[in-house]
Student: 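Here you go, one structure.
Everything numeric in this text was worked out from a predicted model, so none of it was measured. Naming convention: chains lettered A, B, ... in sequence-line order (proteins, then strands); numbering from 1 in each chain.
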Number of protein chains: 4
Amino acid sequence: MPTFKTTFRVSWVDTDAAQIVHFSNYFRYFERAEEEFYRSLGFNFESLSRESSIILPRVEAHCNYRNPLKFNDIVEIELSIKEIREKAVKYLFKVYNKTEEKLAAEGHLVVVAVDKNSMKATKIPEEIVKRLMPYMET
Amino acid sequence: MPTFKTTFRVSWVDTDAAQIVHFSNYFRYFERAEEEFYRSLGFNFESLSRESSIILPRVEAHCNYRNPLKFNDIVEIELSIKEIREKAVKYLFKVYNKTEEKLAAEGHLVVVAVDKNSMKATKIPEEIVKRLMPYMET
Amino acid sequence: MPTFKTTFRVSWVDTDAAQIVHFSNYFRYFERAEEEFYRSLGFNFESLSRESSIILPRVEAHCNYRNPLKFNDIVEIELSIKEIREKAVKYLFKVYNKTEEKLAAEGHLVVVAVDKNSMKATKIPEEIVKRLMPYMET
Amino acid sequence: MPTFKTTFRVSWVDTDAAQIVHFSNYFRYFERAEEEFYRSLGFNFESLSRESSIILPRVEAHCNYRNPLKFNDIVEIELSIKEIREKAVKYLFKVYNKTEEKLAAEGHLVVVAVDKNSMKATKIPEEIVKRLMPYMET
């Protein structure tokens, strides 16, 4: 199964007084991976909205925390696709702490394609589906 | 079933370019309700750490998004307890948009009591359990 | 000189690994006070944009840090107006740590009225100026 | 004058309902550049604290906003040093929008070396000063 990977360092601002990454920031990390994934496929939230009138609101977000991340740790996020439905996609994320060689967290996001004019759920454009398909878990 | 409620306005900084509250901020809202809940019971993250050597890392976070929140909307968060185990608590959160009289989101957090010296899971102090019990869903 | 005051607690998420409020969050506190100030005067960013086509981008932000804020500290922000020009307002902020009875920080924001259609600087509506005037430093 | 540069994309979460980067996030961008600058010199906030017992709290932060940044814009931050005193350093930051070839903002941070045990201002270790010197504006 092909996955998309992105790597970065934990920033100081991501930490809290327990000296670990605040749990809410993992969802920002998920989105960061999603953004770079789309960019690697040749589109982004803004071009999707402008060219196809589609926005991708989240309908579900989930995270299981395994081992804390600390300031300056190298983070690798692995994104794969669990499911592509007509109007929704479920992304899986694994967050690795490469500094300590540990799984830090794993979770998922479910995003729905919404027509930004009618604000109703709509089909994901075929062109986009075609680009996502190779990352489907099998 | 008694629940704990807290109310505030959506801040400008909580919104994103889709002109709605960013999905990661709902987890910050959950924690905000949790903080005020503890405060109402007479303790907080810091006093718990100082007096009982206990920290409360999250092991699971989940949110289902129903209707977007916008800048200046009045938010009411309802916190209840789904489960109290020896070393863990599962909190449920309902996020209401009081401006539009809609359910905005619902989710949960599972927190584990960890001894900050051994960094191992530990029993939730009985005194704390006693204060939490009235908020258990029945 | 009349000032506008608002009070809240430091949230856990506002802290960083130095166990104090991250320096960038003081600017969020400034804006939070500004939002509540406007609300007390009967308008907000959104109503201003909708009714007068005006947005208020910041052109300058400044903060001097005096004493750190910690989790759960009671914060009081005092907002006053240093200057009202035709198209700009300069707000002063004093951030007090009420738990320790210390000045935590002081700073300012300069905001400019911009017509959201032309995206050019524009006069602050007279009605708004009238409501701001009583908070001018003398 | 040698400067340190770092480049990244504007993330969705950095934007607000005006569809531009929230003004407080420029300070996070400044710190991000500072972190990568230190990393390029072979140390970081955490190693400095562990090896030299020194922390670097900010005593002053300032930003002038010139042109808004939008989602997905390529940001380049240029860091230079305006002044090195015995116990403090003043960093200058220029934030360029490389997508639109415009200066987005410029500002500064003043950081003070503090002994984390005594919590008093202390000399910046000579070894650190030596590494910072080449980035001094002349």
Student: Do B/P57 and B/V111 touch side chain to side chain, with heavy atoms closer than 4.5 Å?
Tutor: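 Contact flag for B/P57/B/V111 side chains = no.
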
Student: Minimum heavy-atom separation for C/F27 and C/C63, please, with both atom names.
Tutor: CZ-CB, 3.5 Å

Student: Give each N or O donor-acceptor pair spanning chain B and chain C at a distance under 3.5 Å, with atom names and distance to 0.1 Å, or state none.
Tutor:
from: B/W12; atom 1: N; to: C/E35; atom 2: OE2; distance (Å): 2.8
from: B/E35; atom 1: OE2; to: C/W12; atom 2: N; distance (Å): 2.8
from: B/R39; atom 1: NE; to: C/N72; atom 2: OD1; distance (Å): 3.0
from: B/R39; atom 1: NH2; to: C/N72; atom 2: OD1; distance (Å): 2.8
from: B/N72; atom 1: OD1; to: C/R39; atom 2: NE; distance (Å): 3.0
from: B/N72; atom 1: OD1; to: C/R39; atom 2: NH2; distance (Å): 2.8

Student: Heavy atoms only: give me the nearest B/A88-B/I124 pair and the separation to one decimal.
Tutor: N-CD1, 3.7 Å

Student: Tell me, do C/P68 and C/V21 make a side-chain contact under 4.5 Å, heavy atoms counted?
Tutor: no

Student: Do you know the tightest heavy-atom contact between C/A113 and C/L56?
Tutor: CA-CD2, 4.0 Å

Student: Using a 4.5 Å cut-off on heavy atoms from C-beta on, say whether the side chain of C/V75 contacts that of C/V95.
Tutor: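 Counting from C-beta outward, C/V95 and C/V75 do come under 4.5 Å.
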
Student: Quick check on B/F71 against chain C: is it the side chain, the backbone, both or neither that has a heavy atom closer than 4.5 Å?
Tutor: side chain

